[in-house]
2 protein chains.
Amino acid sequence: MSHTLDNIDTQLLTILQKNSNRTTKSIAEELGMSTSPIFERIKKLEKEGYIEKYVAVLNNKKIGLKLTVFIGITLQGHTRSYLEKFVKEINNFPEVVECHRVSGNFDYLLKLVVEDIEAYETFIISKLTLLPYLGNVQSLIALSTSKETNEIDLSQVL
Amino acid sequence: MSHTLDNIDTQLLTILQKNSNRTTKSIAEELGMSTSPIFERIKKLEKEGYIEKYVAVLNNKKIGLKLTVFIGITLQGHTRSYLEKFVKEINNFPEVVECHRVSGNFDYLLKLVVEDIEAYETFIISKLTLLPYLGNVQSLIALSTSKETNEIDLSQVL
DNA sequence: TATTAAAAAGGATATTATTCTTTATTTAAA
DNA sequence: TTTAAATAAAGAATAATATCCTTTTTAATA
């Protein structure tokens with residue numbers, strides 16, 4: 001039960017972060033090994049939780065969700081029970097893809113993916129501003145995105 | 001060559017966003033269809049670009065990358081050629097997982113995934129502040145994250 | 001150097017993906 | 001309506017791959 005990743009493990013994770021549909025055979029060839037150790041290492045990485053899941057990444061724009069917006073929020077009353085309720089409501093909105101409690105000039109930072117400016121405005125007016133104790137709200141609208149990846153850099157942890 | 005998604009397509013995309021390792025058979029059973037139309041629809045969604053890729057999602061914390069930070073940046077000189085150079089440099093940093101040009105109080109918003117506060121400080125001091133024309137820099141450190149998903153909500157586009 | 005444990009190789013089998021042909025359903029036009 | 005054409009689905013056959021098991025090699029430790 002070794003709890004450290006060796007060089008082969010990080011290579012595997014790097015490969016699978018880019019494309020999880022590679023066959024074990026093709027990965028084995030790339031790394032100069034046979035299929036079974038590759039297969040067993042991947043199963044181990046899954047079992048021990050290094051790999052959480054495998055997912056399809058969609059093309060948001062093609063599907064019609066063309067706008068990404070970040071919203072910084074401060075709250076006025078900080079009672080613990082209210083914070084929990086606030087987070088629960090926020091997380092239930094399907095437009096919200098990320099919700100972080102942050103330190104700095106805001107209490108929360110949200111990331112949204114919506115159809116367009118109209119859908120964004122609808123979210124603000126008919127969902128967000130209905131929540132009580134809302135303080136300052138500041139939006140950053142993504143004009144363009146030069147990098148947006150799920151690949152985390154494993155060289156940092158070697 | 002229909003360019004619209006019907007109800008079955010959006011169900012498929014929703015399923016594959018959650019788990020792309022499902023067998024076509026299991027998906028077919030869930031949707032009450034046989035395997036071949038499911039298979040062919042998925043191939044079509046891939047070919048037409050609705051599905052960009054399939055990836056493994058890793059557990060950042062388990063791997064040792066425990067800190068997420070957002071950084072808002074304003075630039076002082078906005079010449080076009082400089083903006084391009086700036087973005088190129090930023091995108092090359094492996095800690096940076098997102099880089100958006102934004103409207104609002106900043107010019108750029110970055111998202112970083114790093115080991116810890118120390119690694120974050122190293123990034124700021126020995127990478128970010130070395131870039132010229134840097135104006136205001138404001139960091140939001142994620143204390144906790146209640147939602148962080150790659151699943152986009154397809155009910156918005158139906 | 002001998003002993004043990006871990007990792008990899010290679011082959012056998014079961015499962016699944018993929019392709020093809022046939023049938024049904026839907027849509028459009030007469 | 002009825003017919004024709006196009007699209008989608010069914011079902012079966014095959015090819016490819018994942019998965020498992022046994023043997024061999026390598027590495028680590030006494």
Side-chain angles (χ1 to χ4, degrees), chain A residues 1-59 62-64 150-152 154-158, chain B residues 1-59 62-64 150-152 154-158:
Chain A
M1 210 200 282
S2 79
H3 276 287
T4 50
L5 299 172
D6 68 12
N7 190 46
I8 296 173
D9 289 325
T10 58
Q11 285 187 81
L12 279 176
L13 293 175
T14 300
I15 287 170
L16 293 172
Q17 278 194 109
K18 282 191 203 304
N19 178 7
S20 62
N21 267 14
R22 296 268 306 269
T23 63
T24 55
K25 192 179 164 193
S26 115
I27 296 172
E29 279 165 6
E30 179 176 335
L31 301 184
M33 295 165 69
S34 68
T35 59
S36 39
I38 297 298
F39 173 73
E40 275 151 19
R41 275 171 182 269
I42 291 172
K43 286 298 142 195
K44 196 175 172 187
L45 290 168
E46 290 167 2
K47 197 172 153 229
E48 291 183 353
Y50 292 103
I51 296 172
E52 245 169 36
K53 55 182 175 177
Y54 298 95
V55 304
V57 175
L58 308 189
N59 184 331
K62 175 122 198 177
I63 286 167
N150 53 296
E151 291 175 43
I152 61 174
L154 296 171
S155 68
Q156 291 183 69
V157 289
L158 264 188
Chain B
M1 210 199 279
S2 78
H3 277 289
T4 51
L5 299 172
D6 67 13
N7 190 45
I8 296 173
D9 290 325
T10 59
Q11 285 187 79
L12 279 177
L13 292 174
T14 301
I15 287 170
L16 293 173
Q17 278 194 110
K18 283 191 203 303
N19 178 7
S20 61
N21 267 14
R22 295 271 304 268
T23 62
T24 55
K25 191 179 164 192
S26 114
I27 296 172
E29 280 166 4
E30 179 177 334
L31 301 185
M33 295 166 70
S34 67
T35 60
S36 40
I38 297 298
F39 173 76
E40 275 150 18
R41 277 171 179 269
I42 292 172
K43 287 298 142 196
K44 194 176 172 189
L45 290 168
E46 291 167 0
K47 195 169 154 235
E48 292 184 352
Y50 293 102
I51 296 172
E52 245 169 38
K53 55 182 174 177
Y54 298 95
V55 304
V57 175
L58 308 188
N59 183 332
K62 175 121 197 178
I63 286 167
N150 53 295
E151 291 174 43
I152 62 175
L154 297 171
S155 70
Q156 291 184 69
V157 288
L158 264 188

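As the structure is a prediction and not an experimental result, all values here were calculated from the model. The basis for the numbers below is simple: all heavy atoms, side chains too, and nothing from hydrogens, waters or symmetry mates. A note on names: the letters A, B, ... follow the listed sequences, proteins ahead of strands, and every chain is numbered from 1.
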Scan the side chains in residues 36-43 of chain A for donor-acceptor partners under 3.5 Å anywhere in the protein, sequence neighbours excluded, and list what turns up.
unit_1, atom_1, unit_2, atom_2, d
A:R41, NH1, A:D6, OD1, 3.1
A:R41, NH1, A:D6, OD2, 3.1
A:R41, NH1, A:D9, OD1, 3.0
A:R41, NH2, A:D6, OD2, 3.2
A:K43, NZ, A:E46, OE1, 3.1

Can you tell me the distance, in whole Å, between the CG atom of A:D6 and the C1' atom of D:dT26?
14 Å
side-chain contact (heavy atoms from CB on, under 4.5 Å) involving A:Q11 - partner list, sequence neighbours excluded
A:N7, A:L31
When you measure from the side chain of A:T14 to the backbone N and O of A:T10, does any donor-acceptor pair fall under 3.5 Å?
yes
By side chain to side chain donor-acceptor pair (under 3.5 Å), which residues pair with B:E151, not counting sequence neighbours?
B:K18
The criterion is side-chain contact (heavy atoms from CB on, under 4.5 Å); which residues satisfy it with B:V55, sequence neighbours excluded?
A:V55, A:V57, A:N150, B:K53
Helical bend (five base pairs per end, nearest 10°) for the helix from C:dT1-D:dA30 to C:dA30-D:dT1
40°
Contact residues, residues 26-34 of chain A to DNA chain C [heavy atom, < 4.0 Å]
A:M33, A:S34
Kindly give the heavy-atom pair with the smallest separation between B:S20 and A:A56, and that separation in Å.
CB-N, 3.6 Å
Verify, without hydrogens or angle tests, whether B:Q17 (side chain) and A:L58 (backbone) share a donor-acceptor contact under 3.5 angstrom.
no
Rounded to whole angstrom units, what separation is found between the CZ atom of B:R41 and the C1' atom of D:dA10?
14 Å
Would you say A:L13 and B:I63 make side-chain contact, with heavy atoms under 4.5 Å?
yes
Has the side chain of B:T35 got a donor or acceptor atom that lies under 3.5 Å from a matching backbone atom of B:K25?
no
Looking across every strand, which nucleic acid part, if any, lies under 4.0 Å from B:I38 by heavy atom: base, sugar-phosphate, or nothing?
nothing
Please report the distance, rounded to the nearest Å, between CD1 in B:I42 and C1' in C:dT16.
13 Å
Separation of C:dA6 C1' from A:D9 CG (nearest whole Å)
13 Å
Say whether, by atom type as modelled, one donor and one acceptor occur between the side chain of A:K62 and the main chain of B:E48 under 3.5 angstrom.
yes
Those residues that, when tested against A:S26, pass side chain to side chain donor-acceptor pair (under 3.5 Å) (two or more places apart)
A:R22
Under 3.5 Å, which protein N or O atoms sit close to an N or O of nucleotides 17-23 of chain C? Give each pair with its distance.
unit_1, atom_1, unit_2, atom_2, d
C:dA17, OP1, B:T24, N, 3.4
C:dA17, OP2, B:T24, N, 3.3
C:dA17, OP2, B:T24, OG1, 3.0

